[in-house]
Amino acid sequence: MVLSLLPASALAQRASPVDGTLRQGLEAAQRGDFAQARRVLNTIAGHPQAAFILGLMDMRGDGGPIDHAGAARHFSVAAAQGHPGAMFNMGYLSDRGWGVQRDGATAQEMYIATAPLELMAKNNLAYLWARQGGLLEQALCLSAETLAAQPDNPIFLDTYGFVLLRMNQPARAEAYFRKVLGREPDRVDPLEHMGDAASLQGRDEAREWWRRAADRARDERQRARLAAKLGGAPALHDVDGHPPFRLRDPGLPQQCGVPSV
């Protein structure tokens, strides 16, 4: 998930010599004139907000093809100046390996930096740690914070359940996946994770969950992971994990409330 463009009113509160140019570019982007937005913003591409907007347009394919490498170049300019939206998106690109080398350590640092401001950064950091199999208590608390803010968010529900899976609590995890699937029965991640939960409990239905997920999966890493599970790999087999890197706890709590389902 990417952060929203700042509204024009926000720019008035942070006057600068390039404010007028920035406002013109932002207004062009907001009305869908992306060619004009690019022309204007490229004249001040070193400005963090201009670089952020240019990065968003490249990342989303606004006015042209999706360009993750271009997005990464713009976001890196803004992130170096402390722009939180750019930092989050650099973390996401690094996490996925889109436009930049895939790098879990960089993703972790960008998510940590932006977690106080962005729920999705908390979610992604929790999922990253769970995928790597470490800092699970901290990941569970981070995920619980996202659900306290948005208890019906399907991404947050799936992440909380996934952390429970990594903590070897499949029966508890199932409740969160079922809540998502009760509303969105074709959502791929909870379908896969229901299969993992069933497999960890020795239930034969695991393959059916994985097959349903595989039929709907579009992401190549997920398709490969599901194919491996259907071919006999164990539950929680993960071709999407990063090579090992040092997990860094910035001092997060390890005791927290349990979200209701």
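Atoms considered below: every heavy atom in the structure, side chains included; atoms not considered: hydrogens, waters and symmetry mates.
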Subject >> Qualifying ring pair (Phe, Tyr, Trp, His ring centres under 6.0 Å) pairs, either residue in residues 183-203, two or more places apart >> reply: F162-H193, F177-H193
Subject >> Pairwise distance CG(L54) to CD(Q49) - rounded to 0.5 angstrom >> reply: 10.0 Å
Original post:
For E174 and Q201, does a side-chain donor sit closer than 3.5 Å to a side-chain acceptor?
Top reply: yes
**OP:** Could you pull out all residues at least two apart from R216 that satisfy side chain to side chain donor-acceptor pair (under 3.5 Å)?
**Re:** D186
**OP:** Could you tell me whether the side chain of S94 and the main chain of A107 form a donor-acceptor pair under 3.5 Å?
**Re:** no
Original post:
In terms of the angle between their ring planes, are Y111 and F88 parallel, tilted or perpendicular, with boundaries placed at 30° and 60°?
Top reply: tilted
Original post:
Between T114 and A121, which heavy-atom pair has the shortest distance, and what is it?
Top reply: OG1-CB, 3.4 Å
**OP:** Please lay out, stage by stage, how L191 and E184 fare under the test side-chain contact (heavy atoms from CB on, under 4.5 Å).
**Re:** CA-CA 10 Å; L191 285 171; E184 301 182 38; over 6 Å; no
Subject >> same_hphob_cluster(M167, L236) at 4.5 Å side-chain heavy-atom cutoff >> reply: no
Original post:
Is it true that the side chains of Y127 and D95 contain a donor and an acceptor less than 3.5 Å apart?
Top reply: no
Original post:
Is there a path of hydrophobic side-chain contacts, each under 4.5 Å between heavy atoms of I, L, V, M, F, W or Y residues, that connects L26 with L41?
Top reply: yes
**OP:** Heavy atoms only: give me the nearest G195-A206 pair and the separation to one decimal.
**Re:** O-CB, 3.3 Å
Original post:
What's the spacing between D238 CG and Q222 CD if we round to 0.5 Å?
Top reply: 10.0 Å
Subject >> Test: D158 and R187 ion pair at under 4.0 Å >> reply: no
Subject >> For the student: nearest non-hydrogen atoms of A28 and Q36, plus distance >> reply: CB-CG, 4.0 Å
Subject >> Distance in Å, H47 NE2 paired with H83 NE2, rounded so as to fall on 0.5 Å steps >> reply: 9.0 Å
Original post:
Is D196 paired with R166 through a side-chain N to carboxylate O contact shorter than 4.0 Å?
Top reply: no
Original post:
Heavy atoms, side chains only, cut-off 4.5 Å: are F156 and P259 in contact?
Top reply: no
Original post:
Same cluster or not: are Y92 and F245 linked, directly or through other Ile, Leu, Val, Met, Phe, Trp or Tyr residues, by side-chain heavy atoms under 4.5 angstrom apart?
Top reply: yes
Original post:
Does some side-chain heavy atom of M194 sit less than 4.5 Å from a side-chain heavy atom of R212?
Top reply: no
**OP:** Could you check L93 against M59 for side-chain contact (heavy atoms from CB on, under 4.5 Å), going step by step and ending with a plain yes or no?
**Re:** CA-CA 9 Å; L93 291 175; M59 192 172 184; 4.0 Å; yes
Original post:
In chain order, what residues pass the side chain to side chain donor-acceptor pair (under 3.5 Å) check against D219, with sequence neighbours excluded?
Top reply: R96
Original post:
For D204, does the CG atom sit with more than 12 other heavy atoms under 6.0 Å from it, leaving out its own atoms?
Top reply: no
Subject >> Donor-acceptor under 3.5 Å (Q81 side chain, V77 main chain) >> reply: yes
Subject >> Atom pair CG/CG of L119 and N153 - distance to nearest 0.5 Å >> reply: 8.5 Å
Original post:
Is D240 paired with R102 through a side-chain N to carboxylate O contact shorter than 4.0 Å?
Top reply: yes
**OP:** Report yes or no: do N123 and T159 form a side-chain donor-acceptor pair below 3.5 Å?
**Re:** yes
Original post:
Between atom CG of N89 and atom NE2 of H74, what is the distance when rounded to the nearest 0.5 Å?
Top reply: 13.0 Å
Original post:
Does any non-hydrogen side-chain atom of L252 lie less than 4.5 Å from one of E137?
Top reply: no
Original post:
Which pair of heavy atoms, one from M90 and one from A79, lies closest together, and at what distance?
Top reply: CG-CB, 4.3 Å
Original post:
Would you say the side-chain atoms of E109 pair up with the backbone N or O of R248, donor to acceptor, closer than 3.5 Å?
Top reply: no
Subject >> Any side-chain heavy-atom pair of T106 and Q101 under 4.5 Å >> reply: no
Original post:
Does L140 belong to the same Ile/Leu/Val/Met/Phe/Trp/Tyr cluster as V180, with side-chain heavy atoms less than 4.5 Å apart forming each link?
Top reply: yes
Subject >> Backbone N/O of H242 and side chain of Q132: donor-acceptor pair under 3.5 Å >> reply: yes
Subject >> For the student: nearest non-hydrogen atoms of L181 and W209, plus distance >> reply: CD1-CZ3, 3.9 Å
Subject >> A37 versus G25, closest heavy-atom pair with distance >> reply: CB-O, 3.5 Å
Subject >> Close side-chain approach of Q150 to I155, heavy-atom, < 4.5 Å >> reply: no
Original post:
Measuring from L56:CG to D62:CG, what's the distance to the nearest 0.5 Å?
Top reply: 8.0 Å
Original post:
Hey, is the main chain of R73 close enough, under 3.5 Å, to the side chain of S76 for a donor-acceptor pair?
Top reply: yes
**OP:** Give the cluster check for L165 versus L125: same hydrophobic cluster or not, with ILVMFWY residues linked at side-chain heavy-atom distances below 4.5 Å.
**Re:** no
